[in-house]
Amino acid sequence: MDQPIGVIDSGVGGLTVARELMRQLPREQLIYLGDTARCPYGSRPKDEVVQYTLEMVDFLIEKKIKLLVIACNTATAYTIDLLKEKLSIPVIGVIQPGARAAIKVTKSNNIAVIGTEATINSKAYPTALNYISSDLTIYDQACPLFAPLVESGQFTHGETEEIVHKSLQPLQNYKKIDTLILGCTHYPLIADKIQKVMGENVQIISSGEETAREVSAILAYQQLFYKKDRIPVHEFYTTGSPILFGQIANQWMDYPVNHVEHVVIEQIKSDK
Ligand code: DGL
């Protein structure tokens, strides 16, 4: 089916999911929208995140997407049920895939989750994990500084290590933790620093890979795959600075992000 897959996030974080989608689904075209101007979502009240997410979804629906990936844990926690009910296309979030991936690898059944304040407070991960298995000990920790750090493009600087170290300090007391879920799509960009603090015995899980697998399974099941050979041209939109977005994107993606279009948020609103 010759229609794109829509991917949304509060900013650049969803690119970590987009990268996996491109790798696992090389014929599919993506339209990515990052709401950089209003990032971070993680410290905003629920009604604001819901409103912003719906505005982003409207933009992508106008682009005739065949499937929506909510590549943002915060938006997934607050809107997945609503969007599944509201839209006639398949809607995939990142929380269930992240929970599944963690359960697959844990041996001690002691799983930690880090995410934005909103995601952690929503308890969406413990709910998703316990839905699969009740035999788990779950630790969670909000890391509100991580997403703004990534979004600033400064995450390779020395002070990042210090921030990561301090933020993960509370988890250091729990020696049985063998699996850590990166419950925010921005965090894979600083995964090396997180791994260093948590130690080599802790498996770091980012939901991108499992999310892309779920998208692949749904495209197959609903016969939505693009079947001919092609190298798709992906589209990238941001409500913030296209230059900074492009720089971070090119640091992270294998795909050359040569053009990023700026979208004015009023336009999204007036499109409604
Ligand atoms: N990337 C988003 C997530 O996965 C959150 C970043 C933010 O706070 O906006 O939760």
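As the structure lists them, so they are numbered: ligands from 1, and atoms in each ligand from 1. Quick note: numbers below take in every heavy atom, side chains included, and nothing from hydrogens, waters or symmetry partners.
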ask   = What residue and heavy atom of the protein are closest to atom 7 (C) of ligand 1, and at what distance?
value = Y41 N, 3.3 Å
Top protein contact for atom 3 (C) of ligand 1, by heavy-atom distance = N73 N, 3.2 Å
request  = From atom 8 (O) of ligand 1, work out which of A147, G11, G42 has a heavy atom at the shortest distance.
outcome  = G42
query = Are R100 and E210 ion-paired here, with the side-chain N under 4.0 Å from a carboxylate O?
reply = yes
key: More than 12 heavy atoms from other groups under 6.0 Å of CD on E162   = no
request  = Determine, using ring centers only, whether F146 and H186 are less than 6.0 Å apart.
outcome  = no
ask   = Using the benzene-type ring in the case of Trp, are the ring centres of Y32 and F245 under 6.0 Å apart?
value = yes
message = If we set the cut-off at 4.0 Å for heavy atoms, which region of C39 has an atom near ligand 1: side chain, backbone, both, or neither?
response = side chain
key: Within 6.0 Å of CD1 in I218, more than 12 heavy atoms from elsewhere   = yes
task = Measure S10 to ligand 1 on non-hydrogen atoms and call it side chain, backbone, both or neither using the 4.0 Å cut-off.
result = side chain
request  = Give a yes/no on ligand 1: does G115 have at least one heavy atom closer than 4.0 angstrom to it?
outcome  = no
ask   = In the protein, what heavy atom is nearest to atom 2 (C) of ligand 1, and what distance, to one decimal place, separates them?
value = C72 SG, 3.3 Å
ask   = Counting only heavy atoms, which portion of D9 has something under 4.0 Å from ligand 1: side chain, backbone, both, or neither?
value = side chain
task = Just need the protein heavy atom nearest to atom 1 (N) of ligand 1, so name the residue and atom and give the distance.
result = H186 ND1, 2.7 Å
task = Report, in ascending order of atom number, the atoms of ligand 1 lying under 4.0 Å from any heavy atom of T74.
result = 3 (C), 5 (C), 10 (O)
message = Using 30° and 60° as the class boundaries, would you call the ring planes of Y52 and Y41 parallel, tilted or perpendicular?
response = tilted
task = Check the pair Q251, F155 against side chain to side chain contact (heavy atoms under 4.5 Å, CB included), reporting the backbone distance first and the verdict last.
result = CA-CA 11 Å; Q251 244 171 293; F155 53 92; 3.8 Å; yes
ask   = Would K63 and Y237 count as a side chain to side chain contact (heavy atoms under 4.5 Å, CB included) if you check the C-alpha gap in whole Å, the side-chain angles of each, and the deciding distance to 0.1 Å?
value = CA-CA 12 Å; K63 302 264 177 207; Y237 298 88; 3.2 Å; yes
inquiry  = Using a 3.5 Å cut-off on N or O atoms only, is S43 in polar contact with ligand 1?
reply    = no
Ligand 1 to T116 polar contact by distance, N or O atoms, under 3.5 Å = no
